[in-house]
Amino acid sequence: MDNKINWIAILASVVATMVIGFLWYGAIFQNQWMAGNGITANEDSTIMYKNGAEMDMSFTPMIVNVIFMFIYAFIMNWLLNKLNARNLQSGAMVGLAVGVTHLMNIMVGNMFAANPSSLTMVDGSYSIVLFTVMGAILGAMQKR
C-alpha cells in the first residue's frame, strides 16, 4: 500500500459498517438470520441454541469481526487508490462491485450447504450494503 491512508476515513468506515451490522443482524433481519442458521433462544434471550444445542456466547466472533472490518477497509482503501476512485460516487461503485462479488460467494456457499435462500438474501444484501457504504466513505475521504 502506498502512504495515501486517511486514518479517520478508515475508522469512520469501520464504525459505520459495525453500526450497519448491528442494525442488520440485531434489529432488522435478526429473526430471518437466526431461523436460516437454525438458531433459537429461550424466553429472555439469555441462552441461544443451534439445532437444539446450547451455543457458546463468547465475544470472540465480535472481536474477529472488528479486526476483519479494519482489514476490509485497508484493502478497499488500497483498491480505491489503485483505481483512482477519489469521490463518494466512484468509491460506492467500487464497493458495490466488491459487495456483489461477495454476494455471489455467499450464494454458492449456501447452495452447497443447503441453507435457505432467505439466509443468502440476508447475508448477501448485507455484503452489498457493507461494501458500498465502506467504499463511499473511503472514496469521499481519499487523500489527494
Side-chain angles (χ1 to χ4, degrees), residues 1-42 44-51 55-144:
M1 272 190 227
D2 53 18
N3 290 329
K4 294 182 181 179
I5 297 175
N6 182 338
W7 294 98
I8 294 172
I10 296 286
L11 184 60
S13 70
V14 169
V15 169
T17 56
M18 294 301 294
V19 169
I20 291 167
F22 174 77
L23 293 172
W24 206 266
Y25 290 105
I28 302 170
F29 296 112
Q30 179 180 18
N31 294 335
Q32 295 89 332
W33 182 83
M34 286 176 63
N37 281 293
I39 298 172
T40 56
N42 64 351
D44 59 358
S45 296
T46 56
I47 302 172
M48 306 291 267
Y49 302 93
K50 176 145 176 113
N51 300 324
M55 292 176 60
D56 178 27
M57 299 298 292
S58 79
F59 284 104
T60 303
M62 188 58 70
I63 294 166
V64 171
N65 185 51
V66 171
I67 292 166
F68 284 5
M69 287 300 160
F70 274 101
I71 293 170
Y72 290 159
F74 282 112
I75 293 169
M76 182 70 72
N77 188 73
W78 172 82
L79 186 58
L80 294 175
N81 277 319
K82 291 295 179 192
L83 296 173
N84 203 28
R86 303 208 181 278
N87 58 49
L88 186 139
Q89 294 83 6
S90 60
M93 290 305 296
V94 172
L96 177 64
V98 171
V100 168
T101 303
H102 199 243
L103 161 75
M104 291 185 289
N105 185 46
I106 291 168
M107 183 181 296
V108 170
N110 281 337
M111 289 173 80
F112 276 112
N115 288 333
S117 60
S118 61
L119 186 59
T120 298
M121 294 309 297
V122 170
D123 291 338
S125 58
Y126 169 70
S127 289
I128 290 173
V129 171
L130 165 92
F131 288 111
T132 302
V133 168
M134 183 176 277
I137 291 169
L138 292 170
M141 299 177 74
Q142 282 290 301
K143 286 189 173 183
R144 307 283 189 250

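Note that these values count all heavy atoms, side chains included, but never hydrogens, waters or copies made by symmetry. If you're wondering where the values come from, they're calculated on a predicted model, not measured in any experiment.
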Problem set entry | Residues, nucleotides or ligands: over 12 heavy atoms within 6.0 Å of Met121 CE | no
Exercise. To the nearest 0.5 Å, what is the distance between CG (Asn65) and OG1 (Thr60)?
Worked result: 12.5 Å
Seminar exercise, completed: CD of Gln89 to CG of Leu96, rounded to nearest 0.5 Å, is 13.5 Å
Exercise. What do you reckon, is CZ of Phe22 surrounded by more than 12 foreign heavy atoms closer than 6.0 Å?
Worked result: no
Exercise. Would a line drawn from the ring center of Trp7 to the ring center of Phe74 be shorter than 6.0 Å?
Worked result: yes
Exercise. Any side-chain heavy atom of Leu79 sitting closer than 4.5 Å to one from Val98?
Worked result: yes
For this session: State, to 0.1 Å, how close Val14 and Ala73 come at their nearest heavy-atom pair, and which atoms those are.
Result: CG2-CB, 4.1 Å
For this session: Using atom types as modelled and distance alone, determine if a side-chain donor or acceptor of Asp123 lies under 3.5 Å from a backbone N or O of Ile106.
Result: no
Seminar exercise, completed: In terms of heavy-atom contacts, Met134 and Met69 come closest through CE-O, 3.7 Å
For this session: Using a cut-off of 6.0 Å, state whether more than 12 heavy atoms not belonging to Met93 lie near its atom CE.
Result: no
Seminar exercise, completed: Those residues at least two apart in sequence (or on a different chain) that pass side chain to side chain donor-acceptor pair (under 3.5 Å) with Thr46 are Asn42, Asp44
Problem set entry | Gap between atom CG of Asn6 and atom CG of Leu80 - 0.5 Å precision | 12.0 Å
For this session: Using side chain to side chain donor-acceptor pair (under 3.5 Å) as the criterion, list what pairs up with Tyr49, not counting sequence neighbours.
Result: none
Exercise. What closest approach, in Å, do Ala9 and Met141 show between heavy atoms, and which atom pair accounts for it?
Worked result: CB-CB, 3.5 Å
For this session: State whether the number of non-hydrogen atoms from other residues, nucleotides or ligands found under 6.0 Å of Met111 atom CE is greater than 12.
Result: no
Seminar exercise, completed: Correct closest heavy-atom pair for Arg86 and Asn81 would be NH1-OD1, 3.0 Å
Seminar exercise, completed: Applying side chain to side chain donor-acceptor pair (under 3.5 Å) to Thr120 and not counting sequence neighbours gives Asn110
For this session: Heavy atoms only: give me the nearest Ser13-Ile10 pair and the separation to one decimal.
Result: OG-O, 2.9 Å
Exercise. Would you say the side chains of Asn77 and Gln142 form a donor-acceptor pair under 3.5 Å?
Worked result: yes
Exercise. Hey, are the side chains of Gln32 and Leu119 touching, using non-hydrogen atoms and a 4.5 Å cut-off?
Worked result: no
Exercise. Say you draw a straight line from CG of Leu138 to CG of Leu88; how long is it, rounded to the nearest 0.5 Å?
Worked result: 10.5 Å
Exercise. When rounded to the nearest 0.5 angstrom, what is the spacing between CH2 in Trp24 and OG in Ser125?
Worked result: 4.0 Å
Problem set entry | Separation of Tyr72 OH from Phe131 CZ (nearest 0.5 Å) | 5.0 Å
